[in-house]
Amino acid sequence: MISPSGNFKIYIASKPVDFRKGMDGLAAIVMNEFDLDPFNGAIFIFRSKRADRLKLIVWERATEPNSRMVSAFV
């Protein structure tokens, strides 16, 4: 479950993305097309071409040394 703590930003991509892309591909879109840092704790939302599915990515900063990128499908 994704449960961001504190204040966070949500970015929504207006163009559809190729849903074969994984977390790394979506993070590359955030860096190259949005000119943002995908590891800043914001939530990035992408939609499929048919607009019937969503993908979300967010960088989860764990209290342990193992932080990770988390992806969710809606």
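No experiment lies behind these values; they were computed from the predicted model shown.
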Problem set entry | Leu54 and Phe46: CA distance, side-chain angles, deciding distance, side chain to side chain contact (heavy atoms under 4.5 Å, CB included) verdict | CA-CA 6 Å; Leu54 298 173; Phe46 302 90; over 6 Å; no

For this session: Take Phe39 and Val30 through the test side chain to side chain contact (heavy atoms under 4.5 Å, CB included) and record every step on the way to the result.
Result: CA-CA 10 Å; Phe39 308 108; Val30 170; over 6 Å; no

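Atom CG of Asn32 has more than 12 heavy atoms from other residues, nucleotides or ligands within 6.0 Å.
Cluster annotation: Met31 is not connected to Ile57 through the hydrophobic network of ILVMFWY side chains, with a link wherever side-chain heavy atoms come within less than 4.5 Å.
Nearest heavy-atom pair, Ile45 versus Ile10, reported as atom, atom and distance to 0.1 Å: CD1-CG2, 3.6 Å. For Phe44 against Asp37, the heavy-atom pair with the smallest separation is CZ-O, 4.0 Å. Scanning both residues, Lys55 and Lys21, for their nearest heavy atoms gives NZ-O, 2.6 Å. For Phe19 against Ser48, the heavy-atom pair with the smallest separation is CE1-N, 3.4 Å. Looking at every heavy atom in both residues, Pro38 comes nearest to Trp59 through O-CB, 3.7 Å.
Expressed to the nearest 0.5 Å, how far CD1 of Ile43 lies from CD1 of Ile12 amounts to 10.5 Å. In this structure, Leu26 CG and Asp18 CG are separated by 9.5 Å, a value rounded to the nearest 0.5 Å. Here the CG-CZ distance, from Leu56 to Arg47, works out to 14.5 Å after rounding to the nearest 0.5 Å.
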